[in-house]
Each structure stands twice: as C-alpha cells, then as structure tokens.
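Heads up: the structure comes next, in structure tokens.
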Number of protein chains: 2
Amino acid sequence: MGIAERKEREKEARRGEILEAAEKVFFEKGLNQATMDEIAAEAELGKSTLYLYYRSKEDLYLAVMMRGSEVMFRLFMEATSTGEPTLKLIRNLGDAYYEFFKKHRNYFRMYYFFESPDLHTQVSDEMKAACFRNDEKIWGLVIGLIRKAIAEKVFRDDIDPQQTAVILWANANGLMRQMDRMEPYWRDAMKIDLDATLRRANTFVLQGMMTDKAKKQFAGLFE
Amino acid sequence: MGIAERKEREKEARRGEILEAAEKVFFEKGLNQATMDEIAAEAELGKSTLYLYYRSKEDLYLAVMMRGSEVMFRLFMEATSTGEPTLKLIRNLGDAYYEFFKKHRNYFRMYYFFESPDLHTQVSDEMKAACFRNDEKIWGLVIGLIRKAIAEKVFRDDIDPQQTAVILWANANGLMRQMDRMEPYWRDAMKIDLDATLRRANTFVLQGMMTDKAKKQFAGLFE
DNA sequence: TCAGATAATGACTGATGGTCAGTCAAGATA
DNA sequence: TATCTTGACTGACCATCAGTCATTATCTGA
C-alpha cells in the first residue's frame with residue numbers, strides 16, 4: 001500500500017512542521033506568552049489543524065521539550081562512549097549535562113514547566129507517559145554506569161545505584177537551576193566562578209561515593 | 001491623627017484578609033486553576049478590590065509564597081539557635097529545610113513558579129524585589145554560618161563561603177524537588193528510602209567541605 | 001465521474017485577567 | 001445640622017485566547 005505509506009509520511013512531516021513552528025515561537029516567547037494562533041501562523045496552518053496533531057498547547061510544549069531530551073540523550077551517549085575508565089565517563093556525563101545547559105538553555109528551561117505538575121492544566125496522560133519514557137531512558141544510562149562503577153570497585157558497594165544516580169543528578173540540576181536564575185548576579189556582583197562551582201560540587205559528591213582505593217588511583221581527576 | 005492610623009491598620013488588615021483568601025484558593029487549585037473571581041468570592045470582596053491591593057494575580061501568588069519564606073526563615077532561626085557546635089548547626093539547617101519541605105509542601109511548591117522566570121508574565125518589579133530581599137535574608141543566615149565554620153577550622157579555608165552555600169542549598173533543593181515529583185514512584189516501585197538519600201547527599205557534600213581534623217572530631221555526626 | 005474518507009479550516013464560544021466610571025459612607029468643614 | 005471631600009469599593013465591561021465544530025476542500029478507489 002504505497003499510498004497509505006505516503007500519507008503516513010506526510011502526516012508525520014506535518015507533525016514535524018508544527019513542532020518546528022512551535023519551537024520557534026515557544027523559544028521566543030515562553031509557554032504563556034506564546035499563542036496557538038501565532039504558532040499556527042508560523043506553521044502556515046489554521047489553528048484548528050494544530051489540534052489534529054496535538055491535544056493541547058501544553059502537550060505541544062512538552063513535545064518540543066522532548067526534542068531537547070533527545071539532544072541531551074545524544075550528548076550523554078557520546079560522552080560515555082569514549083572507552084575511558086568508568087569514573088572518567090561519569091565525570092564526562094556531568095560535563096555533558098553542563099554543556100547541554102550552556103548550549104541549549106531554551107530546552108533546559110522547558111523542564112521548569114514539566115517538573116511543576118501544579119502548573120499542568122491540560123497535559124494529556126499520553127504525553128506525560130511519553131515524557132516519562134524519555135526520562136527513563138536517560139536514567140537507565142546513568143544507573144548502568146554507576147552499576148559498572150560499583151562492580152569495578154570504583155564506587156563503594158554499600159551505596160544504592162538508583163539512590164546514587166538521584167543524588168548525582170539532583171546535585172548538578174539544582175546547581176544549574178540556581179545558576180540559570182542568578183548567573184549575572186553571581187558572576188558580576190559576587191564574583192562566583194560558575195564552572196568551578198559546578199565542578200567542585202560534583203567532586204564533593206563523587207568522592208563521597210568512591211572507594212578509598214579509587215580515590216588514590218584517580219586523584220589526578222580532581223585537581 | 002488617630003483616624004489615619006486606624007485606616008492604615010484597616011487597610012493592612014484587608015491586605016491580610018485578601019492574602020488569606022488567596023492562600024486558601026491557591027493551595028486548593030494551584031496558580032493556573034485558581035481564578036481571581038474565586039479569590040474575591042472567598043474574601044467576600046469584588047474582584048476589582050483585589051487589584052487595589054495587588055497588581056496582578058501573579059503578584060498575589062508571590063505574596064502568598066513570601067509567607068512561606070517567613071515560615072522557613074523562622075524554622076532556620078530556631079534550628080541554628082541551639083548553642084550546639086557550628087557543624088551541628090549546619091546539619092540542623094538541612095534538617096529544618098527538609099522539615100519545611102515535608103510540613104509545608106504547598107509553600108514549597110510555590111517556588112516552582114518563582115524560580116521559572118519564563119513563566120512570569122505579570123510579576124511587578126516591586127514584587128520581584130521583595131522576593132529577592134526575602135531570599136537574601138535566608139542566604140545571609142547560611143553564609144554567616146559557613147563563615148563561622150571556616151573561622152573555626154571546621155570547614156576548609158580554601159572554599160568560598162558563598163560558593164559553598166550555593167552548593168549546599170542546591171544539593172538539598174535539587175533532591176527535594178526530585179523527591180516531590182517522584183515520591184510515590186521511588187518509595188513504592190524503587191524502594192528508595194527518601195530520608196536516607198537526602199541525609200547521605202548532605203553528608204557527601206559536607207564532608208567535601210570539612211577539614212580532616214573536623215572529619216575525625218565529628219565522625220559521630222555522620223553515622 | 002462520483003461517493004466516501006480524510007485533512008483542513010474559519011467562525012465561534014466560554015473562561016478569565018484586568019480596567020474604569022461611578023457609588024457610597026465616613027469624616028472634614030461650616 | 002447640612003454640605004463637601006476623600007477614598008475604598010464595585011459591577012459592568014473589554015480584550016485575549018485556548019479549544020470546538022460545522023463546513024469545505026482534497027484525495028482516492030471503484
């Protein structure tokens with residue numbers, strides 16, 4: 001059935017065009033200031049058409065966010081495929097997240113909405129589930145790496161991989177959130193070196209997780 | 001002029017009544033679902049009257065949030081006025097923040113909006129400034145304590161007090177955010193012990209900041 | 001060529017944040 | 001006591017915008 005397939009492709013393409021237009025408008029104006037009329041105009045479609053592809057404005061917003069998740073996932077894959085020692089890979093992961101933060105600030109900020117369920121009024125269950133699946137993929141990567149570190153006796157064996165992943169992630173994320181909000185103030189008024197702060201925080205938690213043996217072995221990584 | 005003063009008091013009281021009504025409605029429905037008409041009805045006033053006291057819905061929301069800040073500040077003051085050693089006081093601070101998170105979840109969640117400037121469409125500069133003043137008060141408390149710890153050689157003297165405060169805070173905050181969102185999932189499906197996770201993360205960063213001497217002296221605090 | 005299906009849309013609705021001209025009562029003035 | 005002034009308060013209103021639906025346009029297979 002060549003026709004059915006072509007139609008499928010065209011529909012998918014249209015979905016993509018809408019997403020592209022939405023991204024442009026959301027990046028420019030943010031969730032609340034962006035209007036569906038504007039996105040429709042950008043996509044050269046009627047507003048009603050958007051609703052044939054996405055159930056609500058919030059769903060569309062989250063769909064754009066998921067593109068960001070994919071960018072992040074690719075960065076993470078690259079960072080952990082260098083063949084370096086596991087500890088270095090975990091360090092790379094932190095650097096990759098920081099890179100995502102610096103280079104894709106627009107995507108980074110979209111998580112603000114996602115992580116504030118109080119603000120969700122029209123998010124469909126399907127979209128929420130899709131977002132969680134995306135999340136899981138990334139968690140899986142991190143947890144796998146930590147498991148490896150424990151198996152190699154780089155990380156202590158009395159820590160829980162999931163708990164550890166959460167701590168590592170929350171530490172980096174909490175700081176970057178804070179940085180995003182306070183960046184100019186910190187840099188200019190308080191003279192805080194942002195890169196150094198993040199690196200230091202990461203060092204603190206990593207060292208808490210490492211075995212004494214690994215601390216000696218990889219001392220060079222933390223100078 | 002007794003009359004002017006009485007009127008002043010009455011105006012202040014009305015402001016408080018509006019705040020009270022707003023809190024009730026916002027806690028029940030969240031920022032987006034709550035309507036100004038509903039808050040007005042709860043306060044037994046016309047909607048227009050609300051705008052004589054607060055410039056916008058978002059301002060009103062942040063005004064409620066600031067009540068939460070005050071609750072938090074009081075908890076912090078109590079936690080650090082016990083006369084215990086400085087390191088214990090810093091630990092207490094973390095516990096106090098966790099207590100705030102557990103007992104005042106509604107207030108805690110209001111920060112989600114405050115910390116996402118992308119979502120601000122009608123926040124007045126005055127209100128923003130007031131929120132920042134509130135923030136500063138709390139930062140001052142934390143930074144002061146860290147300075148004390150450095151002076152007492154409990155914390156290393158090569159760390160910056162402000163940087164350290166940021167790391168401590170972001171670590172706790174990032175984790176609690178994550179917990180807020182994932183609490184049921186973590187507890188039930190992943191069997192993660194939330195209290196223990198937070199405590200462990202705090203231990204990791206604290207130990208990174210401490211001098212070797214203090215680590216020996218206060219080993220008991222981390223078991 | 002035409003019937004049926006699917007894609008697309010413009011006009012519409014309902015909800016809601018915010019505004020404003022006007023009311024009314026308490027206090028000032030005489 | 002009668003009149004004026006002030007300012008707190010309000011109801012009716014407006015503008016905006018997410019989301020809906022009846023209708024139209026386009027394509028396809030017979």
Side-chain angles (χ1 to χ4, degrees), chain A residues 1-19 21-22 25-26 28-64 113 119-127, chain B residues 1-19 21-22 25-26 28-64 113 119-127:
Chain A
M1 284 288 96
I3 286 171
E5 281 164 17
R6 196 205 72 221
K7 288 220 166 173
E8 194 53 45
R9 273 202 313 279
E10 280 174 359
K11 223 176 157 181
E12 214 41 57
R14 183 59 36 106
R15 246 182 104 83
E17 284 163 32
I18 291 172
L19 210 54
V25 177
F26 281 138
E28 240 166 64
K29 309 243 174 142
L31 172 59
N32 288 333
Q33 301 285 346
T35 71
M36 289 301 267
D37 280 308
E38 201 176 351
I39 293 169
E42 179 68 36
E44 296 176 306
L45 289 168
K47 178 167 65 162
S48 334
T49 309
L50 306 187
Y51 286 91
L52 297 176
Y53 292 86
Y54 296 93
R55 295 166 86 112
S56 69
K57 185 187 179 184
E58 290 178 6
D59 267 26
L60 185 48
Y61 188 78
L62 290 179
V64 174
F113 170 74
L119 301 172
H120 299 187
T121 65
Q122 297 295 337
V123 178
S124 70
D125 290 343
E126 290 77 30
M127 187 51 76
Chain B
M1 285 291 99
I3 288 171
E5 281 164 16
R6 195 204 73 222
K7 289 221 167 165
E8 192 55 43
R9 273 201 313 280
E10 280 173 0
K11 219 172 162 185
E12 214 41 56
R14 184 58 34 106
R15 244 182 106 82
E17 284 163 32
I18 291 172
L19 210 54
V25 177
F26 281 137
E28 239 166 65
K29 310 243 175 141
L31 172 59
N32 288 334
Q33 300 285 347
T35 72
M36 289 301 267
D37 279 310
E38 200 177 350
I39 293 169
E42 179 68 36
E44 296 176 306
L45 289 168
K47 179 167 63 163
S48 336
T49 308
L50 305 186
Y51 286 91
L52 298 175
Y53 292 85
Y54 298 92
R55 295 164 86 111
S56 70
K57 186 186 180 186
E58 291 178 5
D59 266 28
L60 185 49
Y61 188 79
L62 291 179
V64 174
F113 170 74
L119 301 173
H120 299 186
T121 65
Q122 297 294 337
V123 178
S124 71
D125 290 342
E126 290 76 30
M127 187 50 76

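Proteins get letters first, then strands, A, B, ... in listed order; numbering begins at 1 in each.
- Here C:dT19 presents its C1' atom at 10 Å from NZ of B:K47, a figure rounded to the nearest Å.
- Two residues are said to be in side-chain contact when any heavy atoms from C-beta on lie closer than 4.5 Å; A:L60 and A:R55 fail this criterion.
- At the heavy-atom level, B:A34 lies under 4.0 Å from the strands shown only through sugar-phosphate atoms.
- Rounded to a whole Å, the CE atom of A:M36 is 13 Å from the P atom of C:dT9.
- Residue B:Q122 has no polar side-chain atom (N or O) positioned under 4.0 Å from OP1 or OP2 of C:dG17.
- The base of C:dG18 lies outside donor-acceptor range of the side chain of B:K57, with no N or O pair under 3.5 Å.
- Between C:dG18 and B:R55, no contact under 4.0 Å exists linking OP1 or OP2 to a side-chain N or O.
- Regarding contacts with the backbone of D:dC21, every side-chain N or O of A:Y51 stays at 4.0 angstrom or more from both OP1 and OP2.
- If you measure from atom CG of B:L50 to atom P of D:dT10, you get 9 Å, rounded to the nearest angstrom.
- Although no hydrogens or angles enter the test, the distance criterion places a donor-acceptor pair under 3.5 Å between the side chain of B:K57 and the main chain of B:L31.
- Counted by atom type alone, A:N32 and B:T121 present zero donor-acceptor pairs between their side chains at under 3.5 Å.
- In this structure, B:E8 places its CD atom 19 Å from P of C:dA26, rounding to the nearest Å.
- Look at A:K11 and you'll find a side-chain N or O under 4.0 angstrom from OP1 or OP2 of C:dA7.
- Protein atom CG of A:L52 is 14 Å distant from nucleotide atom C1' of D:dA25, rounded to whole Å.
- Under 4.0 angstrom from either OP1 or OP2 of C:dA8 there lies at least one side-chain N or O belonging to A:Y53.
- Within a 6.0 Å sphere centred on CD of B:E126, other residues, nucleotides and ligands contribute more than 12 heavy atoms.
- Rounded to an integer number of Å, the gap from A:L45 CG to D:dT24 P is 21 Å.
- Although no hydrogens or angles enter the test, the distance criterion places no donor-acceptor pair under 3.5 Å between the side chain of B:E38 and the main chain of B:V25.
- Dashed line: the shortest gap from a side-chain N or O of B:T35 to OP1 or OP2 of C:dT16 is not under 4.0 Å.
- Atom-to-atom, CD of A:E44 to C1' of C:dA8 comes out at 15 Å; the value is rounded to the nearest Å.
- Atom pair B:Y54:OH and C:dT19:P shows a separation of 17 Å (rounding to whole Å applied).
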